[in-house]
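Since the structure comes first, as structure tokens, the remarks are kept for the end.
As the structure lists them, so they are numbered: ligands from 1, and atoms in each ligand from 1. In this text, all values refer to a predicted model and were calculated from it rather than measured experimentally.
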Amino acid sequence: MLTDKIAVVTGGTRGIGRAICETFHKNGARVAFLYAGNTELAAEQEARLPGSRGYRCDVADAAAVKAVFAEIARDFGPVGILVNNAGLTRDHLALGMREEDFTRVLDVNLTGAFHTIREAYPVFLKRRSGRIINISSVSGLVGNPGQVNYSASKAGLIGLTKSVARELASRGVTCNAIAPGFVETDMTKDLGDSAPLLSSIPMKRFAKPEEIAAAALFLASDAAGYITGEVLRVDGGLAM
Ligand code: NAP
């Protein structure tokens with residue numbers, strides 16, 4: 001389905017990003033993934049997914065992103081699919097949230113996506129094709145107490161998605177967002193599966209990372225060629 005397409009996935013070592021790397025690889029893509037610091041996990045993944053390669057890079061650092069995209073171009077060739085998945089939370093009620101926790105979450109979750117898109121943009125323009133998939137969140141659609149930073153970053157990502165989609169639509173490039181609800185990953189492991197939390201989800205369960213990856217695979221595929229600027233909720237009905 002993605003035979004020989006070159007895919008760059010940020011935050012590719014754990015959770016949703018890891019599932020996206022595995023799904024894309026299984027479908028024939030050549031996968032370059034970015035991660036923050038866990039080199040052991042990255043090495044394991046390179047071994048698990050032959051031909052893939054991990055690059056340690058903080059997406060919030062514009063110069064580092066530029067350098068890593070140049071490296072990926074040398075190692076793989078021109079990027080065809082970009083998945084902005086790297087993200088983090090630093091939750092606190094707005095009243096007591098520290099300035100650095102607000103800005104760090106914006107810098108990684110939102111500005112990080114801008115940095116990678118800026119690097120892939122000229123490649124997509126030149127090739128007159130490309131796929132951008134940004135992993136937002138239902139928090140960006142409906143808000144969440146304790147997550148003013150995270151919700152703002154994820155809502156911002158939706159605005160960014162739609163603007164990029166409009167800029168590149170006539171050049172054969174699509175840009176879409178996925179808004180997951182709760183997904184079984186390290187990010188949510190401390191939330192537990194308390195009854196009130198589960199009862200808020202119409203499907204009464206968290207998503208598996210593979211269920212988000214399936215949506216990413218669809219948006220990356222030829223079948224989704226006429227879909228751009230869309231926000232696809234994969235949330236068991238949480239935010240409908
Ligand atoms: P996760 O399990 O915590 O994994 C995060 C991944 O991002 C790791 O690979 C991590 O690398 C990488 N990362 C973190 N900061 C980075 C940085 N500054 N630069 C580059 N890579 C960085 O997260 P997840 O739950 O899979 O979430 C993935 C995405 O889905 C995030 O954008 C998140 O906001 C979104 N999302 C998650 C949920 C959920 O319920 N889990 C729901 C909605 C949306 P290391 O391993 O090296 O640290």
Output yes when the distance from some N or O of ligand 1 to some N or O of [X] is under 3.5 Å, and no in every other case.
X      : value
Asp58  : yes
Pro180 : no
Ala60  : no
Val183 : yes

Side chain, backbone, both or neither: which applies to [X] and ligand 1 if a contact is any heavy-atom pair less than 4.0 Å apart?
X      : result
Glu184 : neither
Val108 : side chain
Ala179 : neither
Cys57  : backbone

Quick one: does [X] get within less than 4.0 Å of ligand 1, heavy atoms only?
X      : value
Ser139 : no
Gly37  : yes
Phe206 : no
Gly112 : no
Arg56  : no
Arg104 : yes

* Given the rule that I, L, V, M, F, W and Y join up when any side-chain heavy atoms are under 4.5 Å apart, are Leu168 and Val123 in one cluster? ->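 Yes, one cluster joins them.
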* Are Val138 and Met187 joined in one hydrophobic group, where the rule is that I, L, V, M, F, W and Y side chains link up if heavy atoms are under 4.5 Å apart? ->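 Shared cluster, no.
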* Test ring pair (Phe, Tyr, Trp, His ring centres under 6.0 Å) applied to Tyr55 - qualifying residues, sequence neighbours left out ->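 Applying ring pair (Phe, Tyr, Trp, His ring centres under 6.0 Å) to Tyr55 gives none.
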How close do [X] and [Y] get, heavy atom to heavy atom, and via which atoms?
X      : Y      : result
Val231 : Ala179 : CG1-CB, 4.0 Å
Ala169 : Thr228 : CB-CG2, 4.4 Å
Gly15  : Pro209 : O-CB, 3.7 Å
Lys154 : Ser137 : CG-CB, 3.7 Å

Winner among [options] once heavy atoms are compared against [atom]:
atom                    : options                : answer
atom 41 (N) of ligand 1 : Thr185, Leu191, Asn134 : Thr185
atom 46 (O) of ligand 1 : Glu40, Gln45, Arg14    : Arg14
atom 37 (C) of ligand 1 : Thr10, Leu238, Ile16   : Ile16
atom 32 (O) of ligand 1 : Leu41, Ile135, Asn85   : Asn85

Between [Y] and [X], is the closest basic N to carboxylate O distance under 4.0 Å?
X      : Y      : answer
Asp4   : Arg30  : no
Glu211 : Arg205 : yes
Asp101 : Arg98  : yes
Arg48  : Glu22  : yes

Per-atom contacts of ligand 1 with [X], taking only distances under 4.0 Å to non-hydrogen atoms:
X      : answer
Asp186 : 2 (O)
Asn38  : 46 (O), 47 (O)
Ser137 : 43 (C), 44 (C)
Phe182 : 40 (O)
Gly181 : 38 (C), 40 (O), 42 (C), 43 (C)
Thr188 : 39 (C), 40 (O), 41 (N)
Ala86  : 7 (O), 20 (C), 21 (N), 22 (C), 32 (O)

If you have a sec, work out which protein heavy atom is nearest [atom] and how many Å separate them, to one decimal?
atom                    : result
atom 12 (C) of ligand 1 : Gly11 CA, 3.4 Å
atom 5 (C) of ligand 1  : Gly87 O, 4.0 Å
atom 44 (C) of ligand 1 : Ser136 O, 3.2 Å
atom 9 (O) of ligand 1  : Thr13 OG1, 2.7 Å
atom 23 (O) of ligand 1 : Met187 CE, 3.9 Å
atom 33 (C) of ligand 1 : Tyr150 OH, 3.4 Å
atom 19 (N) of ligand 1 : Val59 N, 3.1 Å
atom 11 (O) of ligand 1 : Ala36 N, 3.2 Å

* Asked: Got a second to check how far Phe218's CZ is from Thr23's OG1, nearest 0.5 Å?
  ->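 That separation rounds to 15.0 Å.
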Spell out, as yes or no, whether a donor-acceptor pair under 3.5 Å connects the side chain of [X] to the backbone of [Y].
X      : Y      : result
Thr111 : Val108 : no
Asn176 : Gly229 : yes
Asn149 : Arg90  : yes

* Asked: If you count the non-hydrogen atoms of other residues, nucleotides and ligands that lie under 6.0 Å from CZ in Arg166, is the total more than 12?
  ->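 It does not: Arg166 CZ has 12 such atoms or fewer within range.
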Distance-only polar pair, side chains of [X] and [Y], donor-acceptor under 3.5 Å:
X      : Y      : value
Gln45  : Tyr35  : no
Asn134 : Thr161 : yes
Asn38  : Thr13  : no

